[in-house]
Structure formats: C-alpha cells, structure tokens
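Report on the structure given below.
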Amino acid sequence: MISGGCCHDYISEDAIFMKAMSTELPVEWTVLYTGRAGDKKVELYNQPNWAEGYDIVVHNECYATVDDQEFVEKIVAAHAKGVPGMVIHCSMHSYRSLESDEWREFLGVTTRRHTAQHNISVKVLNPNEGPLKGFKTDWVTPLDELYVIDKLWPNAKALATAVSPEDQTAYPMIWTNDYHGARVFGTTVGHSDATWDDPAFRDLLVRGFKWAVNRE
Ligand SMILES: [Zn+2]
C-alpha cells in the first residue's frame, strides 16, 4: 500500500483498510507512507520492477503537481507487467499536472476536478453480478467529493455512477479497468474521515481488493 500526499489522514485510512481486510483474507501488508507533501516523487517508483513480488499495489496517494513523465512511466510499467492495482480517491488527481496520459490510462479514468462536498447518492449499475453483487444498492455517502470524470478509458467499465448536483451529469465513481491484462479497481470517493468510517465504504474496499487479486 502506497499512501501519502496532500489533504487526507492517510495513517488512519491505512489502518482502516487493513483492519477491514483482516477478517477477509490473510494479507501480509507492506505499507509505504510518504508524509503529507503533495509534490513528492515516491523514491520507490524509481526502482526497476518496484512492484515485483506483490500480489497487488493499493494506491492511496495524492501528488497532483508531479509532472515528470519519465517518472510516471516507471510507476505504470510495473503494473503493465501484470501486477494488479487498486486506486482510491486522490490517486485519480495524482500526476494531474502531467499532460500525457500514462497514469490515467492505468487508472481507467481521466479527471481533473471535483464537486463541492455533498452526500453522494450511489447508483450501482449491476447489482446482480460482478464485484458489486450484493453491495448496498441505496448507499448515500457521508460528505465527500464527487470527481468529475472527463473520460472513461476504453478498457474501463463503470460499476456505479452518481449524478453531480452541479451539472446534473452522471459520473462513474466505482469502476474496474484492464490495464494491459492487470486488474485495476478504482473509486473516487474517500475524501472524508466519515466516509472511511462508513461500513459501506469499507465493504467497497474489501470488494475491490478481492476482485483485483481475483479472490472473490
Ligand atoms: Zn479529497
């Protein structure tokens, strides 16, 4: 799990995620917490094959202003070799200053802004199959940010959407992506402590993790 960067309480979030998984799968975690600076280039990513040996990498990071293309290519190269990923909230706005799309192709979405915080009504697109089978169908999140999705990439599939009260447009907010054969599970919610405390959000994290490692 790689966590850190601007704007959120990653240490608490890491603990919540690991606790939620603890009753589901025997996960042996390695956590890299990088602090609260939003302009950091995580040193690990410079190592060739930095994700080798891991069954999944959870990205809960927030480095919007990092715009080094060569650096970002090193991040996604590890996933292109088949290591699954999970991408949460501000990970979607990381590397936003970089104009080229290497990171966003990995995510499966392009987004550069979000709505004001509000209670988000989540619409599950297919409650009968896939990773959200059996997930709460009337989930309204605690106060959180709805990310405005400019593009859902061709290999990504929306699992749930929510309508922005600001432009009345439905945006994917939970999805899966096939990144060169690597499973990627994403959600754009996860801003507030209240969301991380919400049992439905924790259920979502568990579902995403299990789907990504193909252990549903
Ligand atoms: Zn946020």
Side-chain angles (χ1 to χ4, degrees), residues 1-20 31-42 57-67 72 75 85-98 101 103-104 106-123 139-152 156 158-167 169-175 177 184-209 212:
M1 175 146 58
I2 295 169
S3 70
C6 176
C7 310
H8 311 93
D9 183 2
Y10 297 100
I11 292 174
S12 294
E13 293 174 6
D14 293 350
I16 287 168
F17 198 152
M18 291 187 284
K19 184 163 184 240
V31 179
L32 178 60
Y33 170 66
T34 61
R36 294 292 289 262
D39 57 354
K40 192 165 184 112
K41 290 202 272 184
V42 177
V57 177
V58 176
H59 294 272
N60 187 22
E61 59 194 78
C62 196
Y63 310 111
T65 56
V66 173
D67 62 355
V72 171
I75 307 175
M86 197 165 161
V87 290
I88 302 168
H89 190 58
C90 201
S91 298
M92 264 52 75
H93 285 171
S94 291
Y95 317 113
R96 185 173 56 183
S97 298
L98 177 62
D101 282 326
W103 177 249
R104 291 174 282 277
F106 161 67
L107 300 173
V109 296
T110 294
T111 170
R112 297 181 185 278
R113 63 199 168 91
H114 58 72
T115 65
Q117 290 189 47
H118 62 284
N119 298 105
I120 300 168
S121 287
V122 179
K123 182 182 180 187
W139 186 32
V140 178
T141 72
L143 284 180
D144 212 295
E145 299 163 342
L146 178 63
Y147 278 30
V148 172
I149 304 295
D150 298 322
K151 172 181 174 177
L152 186 68
L159 302 181
T161 59
V163 175
S164 163
E166 296 173 6
D167 64 10
T169 301
Y171 294 112
M173 40 83 71
I174 304 169
W175 67 94
N177 189 31
V184 179
F185 187 96
T187 183
T188 50
V189 290
H191 175 77
S192 66
D193 294 347
T195 295
W196 283 83
D197 281 335
D198 186 320
F201 182 69
R202 295 175 180 191
D203 182 33
L204 178 63
L205 296 176
V206 167
R207 287 164 176 277
F209 188 104

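Atoms within each ligand, like the ligands themselves, are counted from 1 in listed order.
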Sub-6.0 Å ring centroid separation between His89 and Trp196: no
Checking Asn60 side chain against Ser3 main chain: does a donor-acceptor pair fall under 3.5 Å? no
Which N, O or S atoms belonging to the protein are less than 2.8 Å from the Zn ion (ligand 1)? His8 NE2, His89 NE2, Glu145 OE1, His191 ND1
Going by atom types only, do Ser91 and Ser94 share a side-chain donor-acceptor pair under 3.5 Å? no
Asp67 bridged to Arg96 by N-O distance under 4.0 Å: no
Sulfur-sulfur distance Cys90/Cys62 under 2.5 Å: yes
What I want to find out is whether Arg207 reaches Asp203 closely enough, with some N-O distance under 4.0 Å, to be called a salt bridge. yes
